[in-house]
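Here's a structure for you.
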Amino acid sequence: MATGKFQEVLPPALGATSEPPPVFDGTTRLYINYLCPFAQRPWITRNYKGLQDTIKLVPIDLMNRPSWYKEKVYPENKVPALEHNNEVRGESLDLVKYINENFEGPHLLPDDPAKVEFAEELIAYSDKFTAAFRDALVSKQDIENQIRDVLDHLEHSLAKFYDGPFFLGQFSMVDILYVPFIERYGPLILDVWKYDIMAGRPKLVSWFEEMNKIEAYTETKYDSKALLELHKKIFGLN
């Protein structure tokens, strides 16, 4: 199983007074934010494929974002974004696929056609999953009922293949798409509503335990208390 080559020293986030990097100088850059779950997806992908020396991390302070980011790098003014071959691409799912297909390192989809087909289903489902959590947290009403179906869907999906604890048996981009949101929303819902999203879902428990053995993922994790307080603030739960 691939892991990061080394314990990476993470650069400080760039804010409004920071100078821009020399954009389009031939360097491949992944623009992220350390707290953003969407940015975490291509970051994990980069790490798992062992591209720490190939793709440079450029963290952006979204609360004090530099004007040059929109003007010089990515007009959408969001993260993540990837600067590669004199082009900038965005959208987390697209970047996971792009990094997987265009850089060396372990491939993040299996060869088995049945697993590839199921991967496509789960990739498509990821938007519904994140939307269900977001809508529940915004409404603050009947949280358990609002997210039960999507969590049960994950539990049942983890029972599809028996050759490993991950969604496709072996670790894949599917796991990368879901783990940032389980990492954030599980502790938040437990703290505020005392509802354990893992309770009664043993396969989800095992999956998350195995995810936390993957260095490429754990290297991207942010302080859990800081994430909890941030999301309380985002959703007005203080």
Side-chain angles (χ1 to χ4, degrees), residues 2 4-6 8-109 119-120 122-131 134 172-181 183-184 216-217 219-222 227 230 234:
K5 294 178 182 177
F6 51 84
E8 185 174 15
V9 177
L10 300 178
L14 302 182
T17 61
S18 303
E19 291 295 317
V23 180
F24 304 130
D25 65 346
T27 302
T28 301
R29 297 181 176 90
L30 178 61
Y31 296 87
I32 64 166
N33 175 270
Y34 289 135
L35 289 81
C36 174
F38 294 97
Q40 194 175 4
R41 289 168 160 181
W43 183 10
I44 298 169
T45 306
R46 162 198 182 261
N47 290 0
Y48 193 79
K49 290 176 74 70
L51 299 169
Q52 289 90 336
D53 290 333
T54 303
I55 302 177
K56 181 179 179 180
L57 283 185
V58 182
I60 301 295
D61 183 349
L62 297 181
M63 302 303 293
N64 186 33
R65 71 186 74 192
S67 60
W68 52 256
Y69 182 65
K70 180 178 181 180
E71 295 165 359
K72 297 178 180 293
V73 179
Y74 191 39
E76 297 291 330
N77 206 22
K78 302 187 296 184
V79 294
L82 182 72
E83 175 190 343
H84 182 236
N85 288 343
N86 292 319
E87 295 182 14
V88 175
R89 298 167 172 82
E91 300 302 329
S92 64
L93 174 55
D94 293 342
L95 293 186
V96 169
K97 292 179 177 179
Y98 183 85
I99 293 170
N100 185 49
E101 294 167 1
N102 290 277
F103 292 86
E104 63 181 7
H107 198 64
L108 282 162
L109 280 178
E120 291 172 353
L122 289 172
I123 289 168
Y125 190 78
S126 65
D127 284 342
K128 180 176 181 179
F129 173 82
T130 56
R134 182 184 63 247
S172 73
M173 69 170 61
V174 176
D175 305 289
I176 291 173
L177 297 185
Y178 286 93
V179 72
F181 301 93
E183 175 189 339
R184 286 159 175 76
Y217 162 58
E219 288 172 346
T220 70
K221 293 179 68 174
Y222 202 79
L227 279 180
L230 172 69
I234 288 173

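Values reported hereafter were calculated over all heavy atoms of this structure, with side chains retained and with hydrogens, waters and symmetry mates removed.
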Flag, side chain of Asp25 to backbone of Thr27, donor-acceptor distance under 3.5 Å = yes
Would you say the side-chain atoms of Asn47 pair up with the backbone N or O of Ile44, donor to acceptor, closer than 3.5 Å?
-> no
Is it true that a side-chain atom of Lys49 and a backbone atom of Pro106 form a donor plus acceptor pair closer than 3.5 Å?
-> yes
Using a 4.5 Å cut-off on heavy atoms from C-beta on, say whether the side chain of Glu8 contacts that of Leu57.
-> yes
Nearest-0.5 Å distance that lies between atom CZ in Phe24 and atom CG in Asn85 = 11.0 Å
Closest heavy-atom pair and its distance - Leu14, Glu19 = CD1-O, 4.3 Å
Is the closest side-chain heavy-atom distance between Leu82 and Ile55 below 4.5 Å?
-> yes
So CD1 of Ile234 and CZ of Arg134: to nearest 0.5 Å the spacing works out to 12.5 Å
Check whether any side-chain heavy atom of Phe103 sits under 4.5 Å from a side-chain heavy atom of Thr45, and report yes or no.
-> no
Would a distance-only check, ignoring hydrogens and angles, find a side-chain to backbone donor-acceptor pair under 3.5 Å from Arg89 to Asp94?
-> no
Check: Tyr74 ring centre within less than 6.0 Å of Tyr31 ring centre = no
Side chain to side chain donor-acceptor pair (under 3.5 Å) with Ser92: which of Lys97, Arg41, Lys78, Gln40?
-> Arg41
Straight-line distance of Ile99 CD1 to Glu101 CD, nearest 0.5 Å = 11.0 Å
So CD of Glu91 and CD of Glu76: to nearest 0.5 Å the spacing works out to 7.5 Å
Take atom OH of Tyr222 as the centre, draw a 6.0 Å sphere, and report whether it contains more than 12 heavy atoms from other residues, nucleotides or ligands.
-> no
Contact check, side chains of Trp43 and Tyr34, non-hydrogen atoms, under 4.5 Å | yes
On a heavy-atom basis, the closest approach of Pro59 and Pro12 is CG-O, 3.4 Å
Can you find a heavy atom in the side chain of Tyr178 that is under 4.5 Å from one in the side chain of Phe129?
-> yes
Glu183 side, atom CD; Thr220 side, atom OG1 - distance, nearest 0.5 Å = 6.5 Å
Considering non-hydrogen atoms only, spot the tightest contact between Leu35 and Leu230 and give its length.
-> CD2-CD2, 3.0 Å
With no hydrogens and no angle check, is any side-chain donor or acceptor of Arg46 less than 3.5 Å from a backbone partner on Leu30?
-> no
Neighbour count >12 (heavy atoms, 6.0 Å) for atom NZ, Lys221 = yes
Kindly give the heavy-atom pair with the smallest separation between Ser172 and Leu108, and that separation in Å.
-> CB-O, 3.3 Å
If you take all heavy atoms of Asp61 and Pro66, which pair is closest and at what distance?
-> O-CD, 4.5 Å
Say you draw a straight line from CG of Asn86 to OG1 of Thr28; how long is it, rounded to the nearest 0.5 Å?
-> 9.5 Å
Give a yes or no on whether the backbone of Ile60 and the side-chain of Asn33 come within a donor-acceptor separation of less than 3.5 Å.
-> yes
Do Phe38 and Pro180 touch side chain to side chain, with heavy atoms closer than 4.5 Å?
-> no
Look only at the side chain of Trp68 and the backbone of Ser18, and say whether a donor-acceptor pair between them is shorter than 3.5 Å.
-> yes
Quick one: closest heavy-atom pair of Ile123 and Val174, and the distance?
-> CG1-CG2, 4.3 Å
Flag the pair Pro22 / Arg29 as yes when at least one side-chain heavy-atom distance between them is below 4.5 Å, and no otherwise.
-> yes
